[in-house]
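Numbering of ligands and ligand atoms starts at 1, following listing order.
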Amino acid sequence: HGDENRDRDRDTNSASSHVLIFPLPYQGHVNSMLKLAELLSIAGLRVTFLNSDYNHHRLLSHSDVLTRFSRFPAFQFQTISDGLPLDNPRSAHQLLQLFDSLNATTKHLFRDRLLSLYPRPSSIIVDGAMTFAIDIAKELGVPVFAFRTISACAFWAYFCIPRLLQSCELPFNDEDMDKPIKSVPGMETFLRRRDLPSFCRAKDRSDPILQRVMTETLNAPRAAALILNTLEDLEGPILSQIRSHCPNLYTVGPLHALLNSQSQDHPPTPTQSGISSNSLWAEQRSCINWLDSHPAKSVVYVSFGSLAVVTKEEMIEFWHGLVKSEKPFLWVVRPGLVGLDSGAGAAAVEEELVEGTRERGCLVEWVPQEEVLSHRAVGAFLTHSGWNSTLESVFARVPMICWPYFADQQMNSREVMDEGARRDELRRRADEVGEMARTSVGDGGSSFSDLGRLVEDLRSIGSM
Ligand code: UDP
Ligand code: UDP
(Lines give C-alpha, C1' and ligand atoms only; values in the text may rest on other atoms or scores of the structure.)
(Ligands and ions follow the chains in the order given, each with its own letter.)
Protein backbone atom coordinates (compact mmCIF):
# COMPACT_ATOMS: atom_id res chain seq x y z
CA HIS A 1 0.00 0.00 0.00
CA GLY A 2 2.96 2.29 0.69
CA ASP A 3 3.82 2.29 -3.02
CA GLU A 4 0.22 2.93 -4.03
CA ASN A 5 -0.05 5.88 -1.65
CA ARG A 6 3.20 7.29 -2.92
CA ASP A 7 1.97 6.96 -6.52
CA ARG A 8 -1.30 8.68 -5.62
CA ASP A 9 0.54 11.52 -3.84
CA ARG A 10 2.77 11.91 -6.84
CA ASP A 11 -0.21 12.12 -9.22
CA THR A 12 -1.93 14.73 -7.05
CA ASN A 13 1.22 16.81 -6.83
CA SER A 14 1.90 16.54 -10.56
CA ALA A 15 -1.54 17.88 -11.31
CA SER A 16 -0.73 21.16 -9.57
CA SER A 17 2.83 21.58 -10.83
CA HIS A 18 3.01 23.38 -14.13
CA VAL A 19 6.43 24.22 -15.56
CA LEU A 20 6.83 26.94 -18.16
CA ILE A 21 9.97 26.53 -20.30
CA PHE A 22 11.22 29.53 -22.27
CA PRO A 23 14.32 29.20 -24.50
CA LEU A 24 16.39 31.85 -26.25
CA PRO A 25 15.18 31.60 -29.87
CA TYR A 26 18.18 29.79 -31.41
CA GLN A 27 18.43 26.19 -32.64
CA GLY A 28 20.91 25.00 -30.00
CA HIS A 29 18.81 26.49 -27.20
CA VAL A 30 15.45 25.28 -28.54
CA ASN A 31 16.93 21.82 -29.05
CA SER A 32 18.29 21.27 -25.56
CA MET A 33 15.38 22.94 -23.76
CA LEU A 34 12.88 20.84 -25.74
CA LYS A 35 14.79 17.73 -24.65
CA LEU A 36 14.37 18.90 -21.07
CA ALA A 37 10.66 19.56 -21.73
CA GLU A 38 10.30 16.01 -23.03
CA LEU A 39 12.09 14.55 -20.00
CA LEU A 40 9.89 16.50 -17.57
CA SER A 41 6.81 15.37 -19.50
CA ILE A 42 7.94 11.73 -19.29
CA ALA A 43 8.25 12.27 -15.52
CA GLY A 44 4.58 13.29 -15.49
CA LEU A 45 4.83 17.06 -15.06
CA ARG A 46 2.56 19.53 -16.84
CA VAL A 47 4.80 21.50 -19.22
CA THR A 48 4.23 24.55 -21.43
CA PHE A 49 6.97 25.31 -23.97
CA LEU A 50 7.09 28.95 -25.05
CA ASN A 51 8.64 29.18 -28.52
CA SER A 52 9.20 32.23 -30.72
CA ASP A 53 6.67 32.56 -33.56
CA TYR A 54 9.50 32.52 -36.05
CA ASN A 55 11.05 29.29 -34.75
CA HIS A 56 7.77 27.55 -34.04
CA HIS A 57 6.69 27.74 -37.65
CA ARG A 58 10.02 26.19 -38.69
CA LEU A 59 9.93 23.56 -35.94
CA LEU A 60 6.48 22.38 -37.00
CA SER A 61 7.54 22.29 -40.67
CA HIS A 62 10.75 20.34 -40.17
CA SER A 63 10.52 18.16 -37.07
CA ASP A 64 8.27 15.51 -35.59
CA VAL A 65 7.49 17.45 -32.38
CA LEU A 66 3.71 17.38 -32.80
CA THR A 67 3.55 13.60 -33.06
CA ARG A 68 6.10 13.14 -30.35
CA PHE A 69 4.55 15.44 -27.78
CA SER A 70 1.00 14.25 -28.52
CA ARG A 71 1.69 11.36 -26.11
CA PHE A 72 1.66 13.90 -23.23
CA PRO A 73 -1.87 15.26 -22.73
CA ALA A 74 -0.59 17.86 -20.22
CA PHE A 75 2.00 19.29 -22.62
CA GLN A 76 1.36 22.38 -24.73
CA PHE A 77 3.24 24.72 -27.03
CA GLN A 78 2.67 28.45 -26.87
CA THR A 79 4.28 31.07 -29.07
CA ILE A 80 5.54 34.60 -28.52
CA SER A 81 7.07 37.23 -30.81
CA ASP A 82 10.84 37.76 -30.71
CA GLY A 83 10.10 41.32 -31.76
CA LEU A 84 11.77 41.11 -35.20
CA PRO A 85 10.01 41.12 -38.58
CA LEU A 86 9.64 37.57 -39.93
CA ASP A 87 11.95 38.24 -42.90
CA ASN A 88 14.72 39.62 -40.68
CA PRO A 89 17.86 37.43 -40.67
CA ARG A 90 18.74 35.90 -37.30
CA SER A 91 22.35 34.83 -37.84
CA ALA A 92 25.29 35.23 -35.47
CA HIS A 93 25.91 38.68 -36.97
CA GLN A 94 22.50 39.88 -35.74
CA LEU A 95 23.00 38.72 -32.15
CA LEU A 96 22.75 42.13 -30.54
CA GLN A 97 19.74 43.10 -32.62
CA LEU A 98 17.86 40.03 -31.40
CA PHE A 99 18.81 40.66 -27.76
CA ASP A 100 17.68 44.28 -28.03
CA SER A 101 14.34 43.33 -29.55
CA LEU A 102 13.74 40.62 -26.93
CA ASN A 103 14.33 43.20 -24.21
CA ALA A 104 12.29 45.90 -25.93
CA THR A 105 9.30 43.81 -27.06
CA THR A 106 9.26 40.22 -25.84
CA LYS A 107 9.85 41.21 -22.23
CA HIS A 108 6.44 42.94 -21.98
CA LEU A 109 4.67 40.20 -23.93
CA PHE A 110 6.19 37.65 -21.57
CA ARG A 111 4.84 39.47 -18.53
CA ASP A 112 1.32 39.54 -20.02
CA ARG A 113 1.57 35.87 -20.95
CA LEU A 114 2.62 34.85 -17.49
CA LEU A 115 -0.40 36.63 -16.02
CA SER A 116 -2.84 35.09 -18.47
CA LEU A 117 -1.62 31.46 -18.58
CA TYR A 118 -3.99 28.92 -17.06
CA PRO A 119 -3.23 26.89 -15.04
CA ARG A 120 -0.78 29.43 -13.67
CA PRO A 121 2.82 28.12 -13.90
CA SER A 122 4.11 26.95 -10.53
CA SER A 123 7.68 27.40 -11.76
CA ILE A 124 9.57 28.72 -14.78
CA ILE A 125 12.69 27.38 -16.43
CA VAL A 126 14.07 30.26 -18.40
CA ASP A 127 17.11 30.44 -20.65
CA GLY A 128 19.67 32.16 -18.45
CA ALA A 129 20.75 34.23 -21.46
CA MET A 130 17.46 36.18 -21.07
CA THR A 131 17.52 37.54 -17.55
CA PHE A 132 14.60 39.88 -18.23
CA ALA A 133 12.46 36.77 -17.72
CA ILE A 134 14.10 36.16 -14.33
CA ASP A 135 13.19 39.74 -13.35
CA ILE A 136 9.57 39.30 -14.38
CA ALA A 137 9.17 35.92 -12.70
CA LYS A 138 10.56 37.38 -9.48
CA GLU A 139 8.31 40.40 -9.74
CA LEU A 140 5.27 38.12 -10.10
CA GLY A 141 6.46 35.75 -7.39
CA VAL A 142 6.90 32.65 -9.57
CA PRO A 143 9.94 30.49 -8.64
CA VAL A 144 12.42 30.70 -11.51
CA PHE A 145 15.20 28.29 -12.56
CA ALA A 146 17.92 29.50 -14.95
CA PHE A 147 18.99 27.04 -17.65
CA ARG A 148 22.24 27.67 -19.54
CA THR A 149 22.88 25.75 -22.74
CA ILE A 150 26.64 26.36 -22.60
CA SER A 151 29.42 24.35 -20.94
CA ALA A 152 30.29 24.96 -17.28
CA CYS A 153 33.72 26.14 -18.46
CA ALA A 154 32.21 28.78 -20.74
CA PHE A 155 29.68 29.85 -18.11
CA TRP A 156 32.48 30.24 -15.58
CA ALA A 157 34.65 32.26 -18.01
CA TYR A 158 31.72 34.66 -18.61
CA PHE A 159 31.20 34.83 -14.88
CA CYS A 160 34.84 35.82 -14.38
CA ILE A 161 34.80 38.74 -16.85
CA PRO A 162 34.77 41.31 -13.98
CA ARG A 163 37.94 39.69 -12.55
CA LEU A 164 39.53 39.65 -16.00
CA LEU A 165 38.78 43.36 -16.40
CA GLN A 166 40.04 44.15 -12.94
CA SER A 167 43.32 42.30 -13.46
CA CYS A 168 43.69 44.06 -16.85
CA GLU A 169 43.84 40.69 -18.64
CA LEU A 170 40.93 42.18 -20.61
CA PRO A 171 40.75 43.89 -23.00
CA PHE A 172 43.73 42.71 -25.07
CA ASN A 173 44.86 43.20 -28.63
CA ASP A 174 45.14 40.28 -31.03
CA GLU A 175 48.86 39.84 -30.43
CA ASP A 176 50.27 37.09 -28.29
CA MET A 177 47.14 34.95 -28.32
CA ASP A 178 48.98 32.18 -26.47
CA LYS A 179 49.57 34.36 -23.42
CA PRO A 180 48.32 32.53 -20.29
CA ILE A 181 45.18 33.83 -18.56
CA LYS A 182 45.29 33.73 -14.75
CA SER A 183 42.01 35.28 -13.53
CA VAL A 184 39.67 32.35 -14.17
CA PRO A 185 40.04 30.22 -11.00
CA GLY A 186 40.41 26.52 -11.76
CA MET A 187 41.77 27.10 -15.26
CA GLU A 188 45.04 28.89 -14.46
CA THR A 189 47.14 26.04 -15.76
CA PHE A 190 45.83 25.85 -19.30
CA LEU A 191 43.77 28.86 -20.33
CA ARG A 192 45.21 31.20 -22.98
CA ARG A 193 43.86 34.39 -24.55
CA ARG A 194 42.72 32.46 -27.61
CA ASP A 195 40.59 30.12 -25.47
CA LEU A 196 38.47 32.84 -23.90
CA PRO A 197 34.94 33.25 -25.32
CA SER A 198 35.21 35.22 -28.59
CA PHE A 199 33.33 38.16 -27.04
CA CYS A 200 36.36 38.70 -24.78
CA ARG A 201 38.32 39.76 -27.86
CA ALA A 202 36.45 43.08 -27.83
CA LYS A 203 38.90 45.99 -27.97
CA ASP A 204 36.92 48.10 -25.56
CA ARG A 205 35.68 47.15 -22.08
CA SER A 206 32.36 48.89 -22.79
CA ASP A 207 31.71 46.73 -25.88
CA PRO A 208 27.93 46.05 -25.84
CA ILE A 209 28.12 42.28 -26.42
CA LEU A 210 30.86 41.84 -23.80
CA GLN A 211 28.79 43.84 -21.33
CA ARG A 212 25.65 41.89 -22.14
CA VAL A 213 27.08 38.37 -21.78
CA MET A 214 28.71 39.48 -18.55
CA THR A 215 25.54 40.91 -16.97
CA GLU A 216 23.33 38.04 -18.15
CA THR A 217 25.74 35.57 -16.55
CA LEU A 218 26.26 37.52 -13.32
CA ASN A 219 22.47 37.54 -12.92
CA ALA A 220 22.21 33.74 -12.78
CA PRO A 221 22.53 33.55 -8.95
CA ARG A 222 19.33 35.61 -8.73
CA ALA A 223 17.37 32.60 -9.95
CA ALA A 224 16.36 29.95 -7.40
CA ALA A 225 18.58 27.41 -9.16
CA LEU A 226 20.86 26.89 -12.13
CA ILE A 227 20.53 23.97 -14.57
CA LEU A 228 23.45 23.04 -16.84
CA ASN A 229 23.56 20.59 -19.73
CA THR A 230 26.81 19.01 -18.61
CA LEU A 231 28.09 16.17 -16.47
CA GLU A 232 29.98 16.06 -13.22
CA ASP A 233 32.76 13.77 -14.51
CA LEU A 234 33.61 16.09 -17.41
CA GLU A 235 33.58 19.46 -15.64
CA GLY A 236 33.64 18.64 -11.90
CA PRO A 237 36.32 21.14 -10.75
CA ILE A 238 34.69 24.03 -12.61
CA LEU A 239 31.25 23.03 -11.33
CA SER A 240 32.65 23.36 -7.78
CA GLN A 241 33.71 26.91 -8.59
CA ILE A 242 30.23 27.69 -9.93
CA ARG A 243 28.57 26.13 -6.86
CA SER A 244 30.23 28.70 -4.63
CA HIS A 245 28.03 31.31 -6.38
CA CYS A 246 25.04 29.19 -7.45
CA PRO A 247 24.75 26.52 -4.73
CA ASN A 248 21.52 25.06 -6.08
CA LEU A 249 22.93 23.55 -9.26
CA TYR A 250 21.57 20.66 -11.33
CA THR A 251 23.78 19.01 -13.97
CA VAL A 252 21.64 16.98 -16.34
CA GLY A 253 23.82 16.39 -19.40
CA PRO A 254 24.09 15.14 -22.00
CA LEU A 255 20.35 15.84 -22.19
CA HIS A 256 19.97 14.09 -25.54
CA ALA A 257 21.46 10.91 -24.08
CA LEU A 258 19.36 11.11 -20.94
CA LEU A 259 16.26 11.47 -23.11
CA ASN A 260 17.18 8.57 -25.37
CA SER A 261 17.71 6.29 -22.39
CA GLN A 262 14.50 7.35 -20.63
CA SER A 263 12.38 7.14 -23.79
CA GLN A 264 13.15 3.44 -23.98
CA ASP A 265 11.44 2.74 -20.65
CA HIS A 266 8.46 5.02 -21.17
CA PRO A 267 6.04 5.68 -24.02
CA PRO A 268 8.49 5.16 -26.89
CA THR A 269 9.39 8.02 -29.22
CA PRO A 270 7.24 7.43 -32.31
CA THR A 271 10.01 8.22 -34.81
CA GLN A 272 11.76 6.27 -37.50
CA SER A 273 15.14 6.35 -35.78
CA GLY A 274 13.98 6.45 -32.15
CA ILE A 275 15.82 9.79 -31.81
CA SER A 276 13.85 12.96 -31.11
CA SER A 277 14.31 15.58 -33.82
CA ASN A 278 13.98 19.27 -32.95
CA SER A 279 15.31 20.62 -36.25
CA LEU A 280 14.48 24.07 -37.58
CA TRP A 281 15.72 23.04 -41.05
CA ALA A 282 14.55 20.15 -43.25
CA GLU A 283 16.70 17.09 -42.51
CA GLN A 284 18.09 15.32 -45.57
CA ARG A 285 17.80 11.69 -44.55
CA SER A 286 19.44 10.55 -47.81
CA CYS A 287 22.78 11.10 -46.05
CA ILE A 288 22.06 8.03 -43.90
CA ASN A 289 21.91 5.83 -47.02
CA TRP A 290 25.14 7.42 -48.18
CA LEU A 291 26.75 6.61 -44.81
CA ASP A 292 25.39 3.04 -44.97
CA SER A 293 27.50 2.48 -48.08
CA HIS A 294 30.77 3.34 -46.29
CA PRO A 295 33.07 1.21 -44.09
CA ALA A 296 33.22 1.67 -40.31
CA LYS A 297 34.91 4.86 -39.04
CA SER A 298 35.88 5.96 -42.55
CA VAL A 299 33.90 9.19 -42.96
CA VAL A 300 34.72 12.72 -41.77
CA TYR A 301 31.50 14.49 -40.75
CA VAL A 302 31.71 18.29 -41.16
CA SER A 303 29.26 20.78 -39.65
CA PHE A 304 29.52 24.29 -38.25
CA GLY A 305 26.12 24.32 -36.55
CA SER A 306 23.19 26.65 -36.95
CA LEU A 307 24.72 30.11 -36.57
CA ALA A 308 28.28 30.25 -37.93
CA VAL A 309 28.85 32.21 -41.13
CA VAL A 310 32.05 31.50 -43.05
CA THR A 311 33.67 33.28 -45.98
CA LYS A 312 34.00 31.82 -49.43
CA GLU A 313 37.79 31.68 -48.92
CA GLU A 314 37.40 29.64 -45.73
CA MET A 315 35.02 27.23 -47.46
CA ILE A 316 37.46 26.70 -50.32
CA GLU A 317 40.31 26.15 -47.84
CA PHE A 318 38.31 23.51 -45.95
CA TRP A 319 37.39 21.90 -49.22
CA HIS A 320 41.07 21.60 -50.21
CA GLY A 321 41.87 20.04 -46.84
CA LEU A 322 39.00 17.57 -47.04
CA VAL A 323 39.83 16.51 -50.59
CA LYS A 324 43.52 16.11 -49.72
CA SER A 325 42.65 14.01 -46.65
CA GLU A 326 41.54 11.35 -49.14
CA LYS A 327 38.74 10.44 -46.72
CA PRO A 328 35.08 10.40 -47.68
CA PHE A 329 33.29 13.39 -46.12
CA LEU A 330 29.73 14.38 -45.29
CA TRP A 331 29.51 18.17 -45.19
CA VAL A 332 26.57 20.24 -43.92
CA VAL A 333 26.35 23.43 -45.96
CA ARG A 334 23.37 25.11 -44.31
CA PRO A 335 21.59 27.83 -46.32
CA GLY A 336 23.25 31.04 -45.15
CA LEU A 337 26.49 29.33 -44.03
CA VAL A 338 28.57 31.10 -46.68
CA GLY A 339 28.48 34.86 -46.08
CA LEU A 340 27.06 36.77 -49.04
CA ASP A 341 29.68 39.46 -48.54
CA SER A 342 32.37 37.13 -49.85
CA GLY A 343 32.35 37.86 -53.56
CA ALA A 344 30.40 35.52 -55.79
CA GLY A 345 27.76 34.61 -53.18
CA ALA A 346 26.76 31.34 -51.65
CA ALA A 347 25.22 29.70 -54.68
CA ALA A 348 28.38 30.07 -56.75
CA VAL A 349 30.58 28.64 -53.99
CA GLU A 350 28.27 25.72 -53.46
CA GLU A 351 28.23 24.95 -57.19
CA GLU A 352 32.00 25.04 -57.24
CA LEU A 353 32.23 22.71 -54.26
CA VAL A 354 29.59 20.27 -55.49
CA GLU A 355 31.43 20.04 -58.78
CA GLY A 356 34.74 19.29 -57.03
CA THR A 357 33.23 16.92 -54.50
CA ARG A 358 31.44 14.30 -56.55
CA GLU A 359 34.00 11.60 -56.05
CA ARG A 360 34.23 11.31 -52.26
CA GLY A 361 32.05 13.98 -50.72
CA CYS A 362 28.38 14.33 -49.91
CA LEU A 363 27.09 17.90 -49.47
CA VAL A 364 23.77 18.41 -47.70
CA GLU A 365 21.91 21.37 -46.22
CA TRP A 366 20.98 19.85 -42.85
CA VAL A 367 21.19 16.35 -41.36
CA PRO A 368 19.75 14.44 -38.40
CA GLN A 369 23.03 15.05 -36.55
CA GLU A 370 22.60 12.79 -33.54
CA GLU A 371 21.87 9.92 -35.89
CA VAL A 372 24.81 10.80 -38.13
CA LEU A 373 27.25 10.93 -35.21
CA SER A 374 26.08 7.57 -33.93
CA HIS A 375 26.42 5.97 -37.38
CA ARG A 376 29.20 3.36 -37.48
CA ALA A 377 30.68 4.89 -40.67
CA VAL A 378 31.57 8.21 -38.99
CA GLY A 379 35.18 8.28 -37.76
CA ALA A 380 35.80 11.98 -37.07
CA PHE A 381 33.87 15.23 -36.67
CA LEU A 382 35.17 18.54 -37.98
CA THR A 383 33.09 20.82 -35.77
CA HIS A 384 32.61 24.46 -34.78
CA SER A 385 32.51 23.21 -31.14
CA GLY A 386 28.96 24.29 -30.31
CA TRP A 387 28.14 22.75 -26.92
CA ASN A 388 25.31 20.55 -28.21
CA SER A 389 27.50 19.24 -31.01
CA THR A 390 30.34 18.66 -28.55
CA LEU A 391 28.14 16.62 -26.20
CA GLU A 392 26.62 14.67 -29.09
CA SER A 393 30.10 13.82 -30.36
CA VAL A 394 31.39 12.94 -26.88
CA PHE A 395 28.50 10.57 -26.32
CA ALA A 396 28.94 8.95 -29.73
CA ARG A 397 32.70 8.57 -29.00
CA VAL A 398 33.64 10.39 -32.18
CA PRO A 399 36.98 12.28 -31.97
CA MET A 400 36.63 15.97 -32.86
CA ILE A 401 38.75 18.34 -34.92
CA CYS A 402 37.73 21.75 -33.64
CA TRP A 403 37.32 25.00 -35.54
CA PRO A 404 35.62 27.15 -32.91
CA TYR A 405 33.74 30.01 -34.52
CA PHE A 406 32.47 32.31 -31.75
CA ALA A 407 30.92 32.79 -28.29
CA ASP A 408 31.53 29.82 -25.95
CA GLN A 409 33.00 27.63 -28.71
CA GLN A 410 36.64 28.56 -28.03
CA MET A 411 36.22 27.40 -24.42
CA ASN A 412 34.51 24.17 -25.48
CA SER A 413 37.25 23.26 -27.92
CA ARG A 414 39.94 23.95 -25.30
CA GLU A 415 38.14 21.73 -22.87
CA VAL A 416 38.09 18.69 -25.13
CA MET A 417 41.54 19.29 -26.57
CA ASP A 418 44.36 16.77 -26.28
CA GLU A 419 47.52 18.59 -27.22
CA GLY A 420 49.97 16.49 -29.16
CA ALA A 421 47.96 13.29 -28.86
CA ARG A 422 48.49 10.74 -31.62
CA ARG A 423 45.60 9.27 -33.56
CA ASP A 424 45.20 6.13 -31.43
CA GLU A 425 45.31 8.18 -28.23
CA LEU A 426 42.52 10.41 -29.58
CA ARG A 427 40.36 7.35 -30.19
CA ARG A 428 41.08 6.01 -26.73
CA ARG A 429 40.31 9.37 -25.11
CA ALA A 430 37.05 9.63 -27.10
CA ASP A 431 36.09 6.16 -25.83
CA GLU A 432 36.88 7.11 -22.23
CA VAL A 433 34.90 10.35 -22.27
CA GLY A 434 32.01 8.67 -24.07
CA GLU A 435 31.94 6.03 -21.33
CA MET A 436 31.77 8.76 -18.65
CA ALA A 437 28.77 10.27 -20.44
CA ARG A 438 27.09 6.85 -20.59
CA THR A 439 27.61 6.31 -16.89
CA SER A 440 26.24 9.76 -16.03
CA VAL A 441 22.87 9.15 -17.72
CA GLY A 442 22.52 5.53 -16.60
CA ASP A 443 20.56 4.44 -13.53
CA GLY A 444 22.21 6.05 -10.47
CA GLY A 445 24.59 8.19 -12.57
CA SER A 446 25.16 11.86 -11.67
CA SER A 447 22.96 13.37 -14.39
CA PHE A 448 20.28 10.71 -13.95
CA SER A 449 20.13 11.51 -10.21
CA ASP A 450 20.14 15.27 -10.73
CA LEU A 451 17.24 15.01 -13.16
CA GLY A 452 15.32 13.04 -10.51
CA ARG A 453 16.10 15.71 -7.94
CA LEU A 454 14.99 18.46 -10.35
CA VAL A 455 11.68 16.67 -11.04
CA GLU A 456 11.01 16.21 -7.32
CA ASP A 457 11.85 19.85 -6.58
CA LEU A 458 9.58 21.14 -9.37
CA ARG A 459 6.85 18.84 -8.09
CA SER A 460 7.14 19.94 -4.49
CA ILE A 461 7.10 23.64 -5.50
CA GLY A 462 3.87 22.87 -7.40
CA SER A 463 2.25 21.29 -4.37
CA MET A 464 3.00 24.16 -2.01
N1 UDP B 1 22.28 20.04 -36.01
C2 UDP B 1 21.50 19.19 -36.74
N3 UDP B 1 21.77 19.04 -38.07
C4 UDP B 1 22.78 19.66 -38.69
C5 UDP B 1 23.61 20.52 -37.93
C6 UDP B 1 23.33 20.67 -36.59
O7 UDP B 1 20.56 18.59 -36.22
O8 UDP B 1 22.96 19.48 -39.90
C9 UDP B 1 21.97 20.21 -34.59
C10 UDP B 1 23.03 19.60 -33.72
O11 UDP B 1 22.76 18.24 -33.52
C12 UDP B 1 22.96 20.44 -32.46
C13 UDP B 1 22.41 21.79 -32.92
O14 UDP B 1 21.94 21.59 -34.25
O15 UDP B 1 22.06 19.86 -31.53
C16 UDP B 1 23.48 22.86 -32.97
O17 UDP B 1 23.77 23.27 -31.68
P18 UDP B 1 25.24 23.61 -31.21
O19 UDP B 1 25.16 23.99 -29.77
O20 UDP B 1 26.18 22.52 -31.55
O21 UDP B 1 25.70 24.84 -32.10
P22 UDP B 1 25.01 26.23 -32.53
O23 UDP B 1 24.16 25.91 -33.69
O24 UDP B 1 24.25 26.74 -31.35
O25 UDP B 1 26.18 27.08 -32.92
N1 UDP C 1 40.89 18.70 -19.65
C2 UDP C 1 39.55 18.86 -19.55
N3 UDP C 1 39.08 19.84 -18.75
C4 UDP C 1 39.89 20.64 -18.06
C5 UDP C 1 41.28 20.45 -18.15
C6 UDP C 1 41.76 19.46 -18.96
O7 UDP C 1 38.77 18.15 -20.18
O8 UDP C 1 39.38 21.50 -17.34
C9 UDP C 1 41.35 17.62 -20.48
C10 UDP C 1 42.36 18.05 -21.51
O11 UDP C 1 41.72 18.54 -22.66
C12 UDP C 1 43.06 16.77 -21.75
C13 UDP C 1 43.10 16.12 -20.38
O14 UDP C 1 42.05 16.70 -19.66
O15 UDP C 1 42.28 15.95 -22.58
C16 UDP C 1 44.41 16.31 -19.71
O17 UDP C 1 44.68 17.69 -19.72
P18 UDP C 1 46.12 18.26 -19.44
O19 UDP C 1 46.09 19.73 -19.67
O20 UDP C 1 46.58 17.76 -18.11
O21 UDP C 1 47.06 17.57 -20.52
P22 UDP C 1 47.07 17.69 -22.11
O23 UDP C 1 46.60 16.34 -22.59
O24 UDP C 1 46.14 18.80 -22.55
O25 UDP C 1 48.50 17.98 -22.45
Side-chain angles (χ1 to χ4, degrees), residues 23-36 38 55 58-59 62-65 90-95 98 127 129 147-151 153-155 197-199 213 228-230 253-260 271 273 275-288 290-291 299-310 329-337 362-375 378 381-396 398 400 402-413 415-416:
L24 183 73
Y26 283 121
Q27 172 75 77
H29 297 245
V30 169
N31 190 17
S32 49
M33 291 185 84
L34 257 178
K35 303 253 173 192
L36 182 63
E38 200 165 343
N55 281 341
R58 297 166 64 204
L59 186 67
H62 302 308
S63 81
D64 59 1
V65 283
R90 284 155 173 86
S91 79
H93 293 165
Q94 275 90 9
L95 213 57
L98 181 71
D127 202 309
F147 178 100
R148 289 300 301 246
T149 57
I150 54 179
S151 60
C153 273
F155 176 87
S198 68
F199 305 135
V213 296
L228 290 175
N229 185 11
T230 189
L255 273 169
H256 75 285
L258 204 49
L259 178 58
N260 293 345
T271 56
S273 60
I275 294 176
S276 305
S277 154
N278 299 324
S279 276
L280 302 179
W281 283 267
E283 291 172 349
Q284 287 172 275
R285 295 199 55 83
S286 58
C287 68
I288 302 292
W290 184 86
L291 286 173
V299 172
V300 183
Y301 169 57
V302 187
S303 168
F304 304 131
S306 66
L307 283 166
V309 180
V310 306
F329 56 92
L330 170 62
W331 192 352
V332 177
V333 184
R334 185 195 83 236
L337 171 66
C362 175
L363 260 63
V364 282
E365 292 195 346
W366 195 254
V367 303
Q369 180 167 299
E370 264 182 73
E371 209 178 327
V372 165
L373 282 170
S374 58
H375 196 286
V378 172
F381 182 14
L382 173 54
T383 173
H384 73 307
S385 297
W387 188 238
N388 289 292
S389 296
T390 303
L391 289 175
E392 289 158 14
S393 194
V394 159
F395 190 74
V398 176
M400 288 168 265
C402 302
W403 187 69
Y405 174 71
F406 86 136
D408 58 323
Q409 295 154 14
Q410 279 78 10
M411 292 294 299
N412 302 341
S413 72
E415 190 170 28
V416 295

Cationic tip of R334 above W366 ring, under 6.0 Å, 45° of axis: no
Side chain to side chain, L34 and L59, heavy atoms closer than 4.5 Å: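 Touching, per the 4.5 Å side-chain cut-off.
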Partner of N412 by side-chain hydrogen bond (donor to acceptor under 3.5 Å, both in side chains), out of S385, S389, S151: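 By the side-chain hydrogen bond (donor to acceptor under 3.5 Å, both in side chains) criterion, N412 pairs with just one of S385, S389, S151: S151.
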Strictly distance-based, threshold 3.5 Å: is any side-chain N or O of [X] a donor or acceptor partner for the main-chain N or O of [Y]?
X    : Y    : value
S277 : S63  : no
Q27  : N278 : yes
Q284 : E365 : yes

No-hydrogen, no-angle side-chain donor-acceptor test under 3.5 Å, Q369 and N388: no
Straight-line distance of F381 CZ to L330 CG, nearest 0.5 Å: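 F381 CZ to L330 CG: 10.0 Å, rounded to 0.5 Å.
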Atom pair CZ (F329) and CG (L382), whose distance is rounded to the nearest 0.5 Å: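 So the CZ of F329 and the CG of L382 are separated by 11.0 Å.
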Provide, to 0.1 Å, the distance between [atom] and the closest protein heavy atom, together with that atom's residue and name.
atom                    : value
atom 12 (C) of ligand 1 : E392 OE2, 3.5 Å
atom 19 (O) of ligand 1 : N388 ND2, 2.9 Å
atom 2 (C) of ligand 1  : W366 CZ2, 3.2 Å

Pick from G386, A92, S306: the one approaching atom 24 (O) of ligand 1 most closely through a non-hydrogen atom: S306
Any N/O pair S389/ligand 1 closer than 3.5 Å: yes
Close N or O approach (Q369, ligand 1; < 3.5 Å):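 Between Q369 and ligand 1 (N or O atoms, distance only) the closest approach is under 3.5 Å.
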Contact with ligand 1 for W387, non-hydrogen, under 4.0 angstrom: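 True for this residue.
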Applying a heavy-atom cut-off of 4.0 Å, say which part of [X] lies close to ligand 1: side chain, backbone, both or neither.
X    : answer
E283 : neither
H384 : side chain
N31  : side chain
V367 : both
Q409 : side chain

Atom indices of ligand 1 within 4.0 angstrom of S303 heavy atoms, with elements: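 Those atoms are 5 (C).
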